[in-house]
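Counting convention: from 1, in listed order, for ligands and their atoms alike.
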Amino acid sequence: MIEADARPSLPLTDSDERRLLRESVSNLAESFGHRYFTEVVAKNEPPAALWEALGEHGFMGPSIAERYGGGGGGLTELAIVEEEVSAAGMPLLKLLISPAVAGAIVEGHGSEEQKMRWLPGMAAGTDRFSLAVTEPDAGSNTHKISTRARRKGDTYVLTGSKVYCSGLEDSNWVLVLANTGTSDDGRSQLSLFMVEVDHPKLHRTRIPVAMRAPEHTFSVSFDDVDIPADRLIGTEGEAMKTVFSGLNAERIMSAALCCGVGRYALRKAAQYGREREVWGQPIGAHQGVSHPLAECHAQLEAARMMMMAAAALADAGAPAGEAANIAKLLAADAGTKAVDQAIQAHGGNGIADEYGIADLYFIVRLQRIAPVSREMILNYIAQHSLGLPRSY
Ligand SMILES: Cc1cc2nc3c(=O)[nH]c(=O)nc-3n(C[C@H](O)[C@H](O)[C@H](O)COP(=O)(O)OP(=O)(O)OC[C@H]3O[C@@H](n4cnc5c(N)ncnc54)[C@H](O)[C@@H]3O)c2cc1C
């Protein structure tokens with residue numbers, strides 16, 4: 001557990017600047033709205049106009065340093081952007097990876113040349129990044145990955161395959177975790193590489209999934225992909241440290257997405273509960289309808305507080321792992337429950353596309369599995385917060 005005196009003081013409410021950011025993102029997102037999201041999903045297109053508008057207003061890279069074209073803020077600002085676009089019914093998975101994870105990794109571990117090369121495009125939203133970590137035979141045990149990168153002069157040669165790599169259809173770059181050797185004690189030495197998505201020896205196949213989102217997910221194979229050595233991010237063999245710096249960002253952004261979608265669903269459910277009458281009074285007057293929604297609201301608010309606390313800790317440079325994991329756990333559960341309850345409150349209409357709720361179910365449900373499963377989060381809390389022994 002984090003010692004109380006090691007915590008910086010945490011804000012309980014938004015500063016004026018952050019309130020303005022929240023309002024501006026919300027106004028912009030609401031001008032697109034959930035209908036725009038469903039249209040691009042139905043057309044199998046990326047949300048290019050939304051992405052461009054967010055980039056133009058500086059909302060794509062508020063956490064990236066100003067000297068690299070970003071807003072000079074922190075994860076708090078980026079989480080506000082994700083929460084507000086999600087609260088408008090447009091959760092963007094892409095923001096979790098690019099700029100959150102890739103931003104934290106490149107800014108934290110890239111050379112000056114790499115930062116100058118990738119961060120300005122990331123902050124503008126004109127360059128987009130994916131992350132390829134998961135493998136069919138390794139799963140949650142990242143140390144078991146078998147994708148290999150062998151050094152050959154000034155290049156590395158990458159061979160292997162990944163599954164569930166999201167957003168590749170609309171990315172220029174993908175961060176790939178690969179094995180570059182074995183240490184004396186038999187542990188895999190992992191390294192992280194920035195790879196061009198359109199490399200001719202990178203092959204991808206879309207994986208059909210139940211989730212309705214603009215980001216598609218792919219299995220990817222690397223068939224002797226040559227990577228210039230200057231695309232190695234951080235130190236060779238120490239990628240777990242490098243990737244680690246992006247994990248808090250990913251968990252906090254995942255929590256922000258769930259809080260936003262949860263708010264969107266509850267807002268719709270409350271409106272329906274006020275308007276729909278079947279027994280001569282609004283259905284929201286029945287406590288069987290209102291109490292579960294009220295409970296979802298309470299749980300979402302608790303998750304939001306934890307998410308903002310985690311972001312504040314990360315921005316203050318304080319240990320944020322425990323808070324980020326708890327925020328993700330609470331928000332994924334609360335967001336999923338809120339969407340499910342909003343469907344229930346709509347009766348049969350809850351399933352109809354016209355009401356714009358059920359199509360968001362799987363994007364929040366996914367957050368209980370990815371980017372890290374709730375069981376692996378509970379393992380983290382059991383071990384790090386409670387000092388319990390590891391089972392694996
Ligand atoms: C739509 C989608 C998009 C994704 N996008 C990406 C992406 O962009 N990049 C990427 O790299 N990955 C991505 N993933 C993969 C995702 O991160 C993994 O699915 C997730 O980390 C779980 O790994 P797994 O599926 O291999 O499950 P497994 O590791 O096979 O686990 C299966 C089940 O067993 C549980 N389990 C495993 N080990 C333990 C343990 N020690 N203790 C308790 N329970 C355990 C898990 O919690 C889970 O419930 C995506 C997945 C999906 C479905």
Side-chain angles (χ1 to χ4, degrees), residues 41 46 91-105 128-147 158 160-179 190-195 197 202 204-222 233 239-240 242-244 246-247 249-251 253-255 257-258 261 325 328-329 332-333 336 359-384 386 388-392:
V41 171
L92 293 178
L93 283 175
K94 199 55 157 290
L95 276 180
L96 267 64
I97 311 280
S98 164
V101 179
I105 288 175
R128 289 178 284 276
F129 297 73
S130 290
L131 180 70
V133 171
T134 308
E135 293 193 7
D137 298 326
S140 304
N141 185 359
T142 307
H143 291 281
K144 246 180 71 184
I145 62 166
S146 56
T147 293
L158 188 65
S161 51
K162 299 281 180 183
V163 276
Y164 295 116
C165 180
S166 301
L168 264 192
E169 74 288 345
D170 184 35
S171 290
N172 325 56
W173 298 96
V174 54
L175 276 165
V176 182
L177 189 68
N179 191 319
L190 305 180
S191 304
L192 195 64
F193 297 93
M194 191 70 89
V195 179
V197 170
L202 182 159
R204 63 181 195 234
T205 309
R206 187 168 163 186
I207 303 173
V209 292
M211 180 175 73
R212 304 237 303 256
E215 296 85 359
H216 302 157
T217 192
F218 298 86
S219 55
V220 186
S221 65
F222 307 97
I233 313 280
M240 287 319 276
T242 317
V243 171
F244 228 77
L247 295 188
E250 195 173 44
R251 284 156 176 60
M253 290 292 282
S254 163
L257 181 151
C258 293
V261 173
N325 275 294
K328 155 89 162 62
L329 177 79
D333 285 356
T336 305
D359 63 306
L360 293 180
Y361 178 75
F362 276 105
I363 203 161
V364 280
R365 181 63 183 80
L366 170 69
Q367 309 306 310
R368 299 179 86 213
I369 300 167
V372 58
S373 70
R374 72 191 300 285
E375 292 76 24
M376 292 311 286
I377 288 186
L378 291 171
N379 283 337
Y380 177 97
I381 297 170
Q383 289 152 32
H384 291 84
L386 303 177
L388 290 165
R390 221 176 129 123
S391 72
Y392 53 99

Flag [atom] as yes if some protein heavy-atom distance to it falls below 4.0 Å, otherwise no.
atom	value
atom 10 (C) of ligand 1	yes
atom 5 (N) of ligand 1	yes
atom 25 (O) of ligand 1	no
atom 30 (O) of ligand 1	no

Ligand 1 contacted by Pro371 (non-hydrogen, < 4.0 Å):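 True for this residue.
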TODO: Decide whether the shortest distance between a heavy atom of Ile369 and an atom of ligand 1 is less than 4.0 Å.
DONE: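 Right, Ile369 reaches ligand 1.
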Examine [X] against ligand 1 and note whether any of their N/O atoms are separated by less than 3.5 Å.
X	value
Ser166	yes
Val372	no
Ser373	yes
Thr217	no
Ser140	yes
Leu131	yes

| message | Is there a side-chain contact between Tyr361 and Thr336 in this structure, where contact means two heavy atoms from C-beta onward sitting under 4.5 Å apart? | response |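 Result yes, sub-4.5 Å side-chain heavy-atom pair found.
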### Query
Any side-chain heavy atom of Leu158 within less than 4.5 Å of one from Thr147?
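The answer is yes; the side chains approach within 4.5 Å.
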Note to self: Tell me whether the rings of His384 and Tyr380 are parallel (<30°), tilted (30 to 60°) or perpendicular (>60°).
What the structure shows: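 Taking Tyr380 first and then His384, their aromatic rings lie parallel (interplane angle under 30°).
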Whether the side chain of [X] engages the backbone of [Y] through a donor-acceptor N/O pair (distance < 3.5 Å, no angle test) should be reported.
X	Y	answer
Lys144	Asp137	yes
Glu135	Ser146	yes
Lys162	Val133	yes
Lys94	Pro214	no
Ser98	Arg128	no

Element-labelled atoms of ligand 1 that are located less than 4.0 Å from some non-hydrogen atom of [X]:
X	answer
Leu366	1 (C), 2 (C), 52 (C), 53 (C)
Gly139	26 (O), 29 (O)
Glu375	43 (C), 44 (N), 46 (C), 47 (O), 49 (O)
Ala370	16 (C), 17 (O)
Met376	38 (N), 39 (C), 40 (C), 41 (N)

Can you tell me if Asn325 and Arg251 form a side-chain donor-acceptor pair at under 3.5 Å?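 Side chains of Asn325 and Arg251: pair found under 3.5 Å.
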Nearest non-hydrogen partners of [X] and [Y], listed with the distance:
X	Y	result
Ser166	Thr217	OG-OG1, 3.6 Å
Thr142	Leu190	O-CD1, 4.0 Å
Leu95	Met253	O-CE, 3.6 Å

Nearest protein heavy atom with distance in Å, relative to [atom]:
atom	result
atom 42 (N) of ligand 1	Asn379 ND2, 3.0 Å
atom 15 (C) of ligand 1	Thr134 OG1, 3.2 Å
atom 13 (C) of ligand 1	Tyr164 O, 2.7 Å

| query | Taking atom OH of Tyr164 as the centre, does the number of heavy atoms from other residues, nucleotides or ligands within less than 6.0 Å exceed 12? | reply |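 For Tyr164, atom OH is not crowded (no more than 12 foreign heavy atoms under 6.0 Å).
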query = So which bit of Tyr392 gets within less than 4.0 Å of ligand 1, heavy atoms only: side chain, backbone, both or neither?
reply =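 Near ligand 1, Tyr392 shows its side chain, while the N, CA, C and O stay back.
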